[in-house]
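All ligand and atom numbering here is 1-based and tracks the order in the structure.
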Amino acid sequence: MEDFIRRLPKVELHLHIEGTLEPDLMFELAERNGITLPYASIEDARDAYHFHNLQSFLDIYYQGANVLITERDFFDLTWSYLLRCKADNVMHTEIFFDPQTHTARGIDFDTVINGIYHALRQGEKELGISSQLIMCFLRHLSEEAAFDTLEHAKPHLHRLKGIGLDSSELGHPPAKFTRVFNEARALGLKTVAHAGEEGPASNIRDAISLLHVSRVDHGVQCVQDPELVKELADTQMPLTVCPLSNIKLRVFDRMEDHNILDLLNKGLCVTVNSDDPAFFGGYMNDNFLALNQALSPSKAQLVQLTRNAINAAFLEKDARQTLHQNLDDFWVAHGID
Ligand code: HPA
Ligand code: ZN
């Protein structure tokens, strides 16, 4: 089964590029930029990665991002992630970035997006990995700050597929961002939002009805509202679930308690993603392997998780069809349980 998982062609839809900053690159960039880290060594940094909820993680995550200064830093960060995609057979990835984490430190919006975007284009050319870029607003900041960020993005609209909403969910429900999401949609951008990670199922309902999202990021708290679960199945609203993240941030106590396969069995369009792999213990293969160990899915279920991701991706018809065909071929070659 492990070999099957490693070879399975994958699509990732929930990945924060700042969350791929591995401690070794953090140290390299700190040295390059003359920044002093609060860690004595790479091991010391890894030892600090113990979280008890989302906020305890976010505090460390935003601090790590301080080493990202130049366009080259953002390029190197993104390129390292794409090499991991190659190793894990990720064929297509849709990544988040948090411009406000950087503009608040005096880094230009253009520096951030140029570095990430050029790495994505090189990944397409040299590694054959297709990608989309999604700009997230930090929900603990104001509506005005989100509008300001959207303004900065306007010269780069052709490089962005959509917008998202991340950071602290508790106390920051979707309604605050209704107007800025409306403007983004009027500009032709897709919308997604983190909802129902730590927050209540009502945040999922609001993300759908107020922010008109095409996907819900996380969404695992939908089980608090059985009627919502049914609606998510009926509408095939995708949930970008992040198993290792959910364990590290104590959304579930143990992987054995994770509800992703229950939701899959109820017919929901659930997908597997790595969220912030440098902080949560692994990339796409690690997430699938952890699920396999704890929940013993069938090969057919693992393929369905990828099929769901292909359906949920922001792809044109031909590219989607190519990924489906690739998965069909894989299933014919390797699908005997
Ligand atoms: N939730 C909210 N905000 C985030 C996350 C997450 O899982 N990862 C990075 N920012
Ligand atoms: Zn996330």
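Residue contacts with ligand 1 for L54 involve side-chain atoms from C-beta outward but no N, CA, C or O (heavy atoms, distance under 4.0 Å). For D275, every heavy-atom contact with ligand 1 shorter than 4.0 Å involves the side chain, none the backbone. Within the 4.0 Å heavy-atom criterion, neither part of E18 lies near ligand 1. Contacts of H218 with ligand 1, taken as heavy-atom pairs under 4.0 Å, involve the side chain alone.
Using a 4.0 Å cutoff on heavy atoms, L58 counts as a contact of ligand 1. Using a 4.0 Å heavy-atom cutoff, S167 is listed among the residues neighbouring ligand 1. The closest approach between a heavy atom of F96 and any atom of ligand 1 is not below 4.0 Å.
When all heavy atoms of I5 and N292 are compared, the pair lying nearest together is CD1-CB, 3.6 Å.
Remark: ligand 1 and Y62 share no N or O pair separated by less than 3.5 Å (distance only, no angle test).
For residue H194, an N/O/S atom approaches the Zn ion (ligand 2) to within less than 2.8 Å. The Zn ion (ligand 2) has no N, O or S atom of C242 under 2.8 Å away, backbone or side chain.
Checked options L13, V270, L268, L264; the residue passing with V241 is V270 (criterion: side chain to side chain contact (heavy atoms under 4.5 Å, CB included)). Checking N273, T271, L232 one by one against L239, the side chain to side chain contact (heavy atoms under 4.5 Å, CB included) holds for a single residue, L232.
In terms of protein heavy-atom proximity, atom 8 (N) of ligand 1 is closest to D276 OD2, 2.7 Å. If you check which protein heavy atom lies closest to atom 10 (N) of ligand 1, you get H16 CE1, 3.6 Å.
In summary, the side chains of H152 and D108 do not present any donor paired with an acceptor at a separation below 3.5 Å, with no hydrogens or angles considered.
Summary: OD1 is the N/O/S atom of D275 found nearest to the Zn ion (ligand 2).
Checked by atom type and distance alone, the side chain of N89 pairs as donor or acceptor with a backbone atom of R6 at under 3.5 Å.
With the Zn ion (ligand 2) as the vertex, NE2 (H14) and NE2 (H16) define an angle of 110°, rounded to 10°.
Residue D59 qualifies as enclosed at atom CG: its count of foreign heavy atoms under 6.0 Å is above 12.
Ring centers of F75 and H118: at least 6.0 Å apart, outside the cut-off. Between Y49 and F57, the ring centre distance reaches or exceeds 6.0 Å.
Less than 4.0 angstrom separates some heavy atom of F57 from each of these atoms of ligand 1: 8 (N), 9 (C). In summary, the atoms of ligand 1 found under 4.0 Å from a heavy atom of E197, numbered by their order in the structure, are 1 (N), 2 (C), 6 (C), 7 (O).
A salt bridge does not link R250 to E198: none of the charged nitrogens lies less than 4.0 Å from a carboxylate oxygen. At a threshold of 4.0 Å, the pair R46-E43 does not count as salt-bridged, since none of the basic side-chain nitrogens sits closer than that to a carboxylate oxygen.
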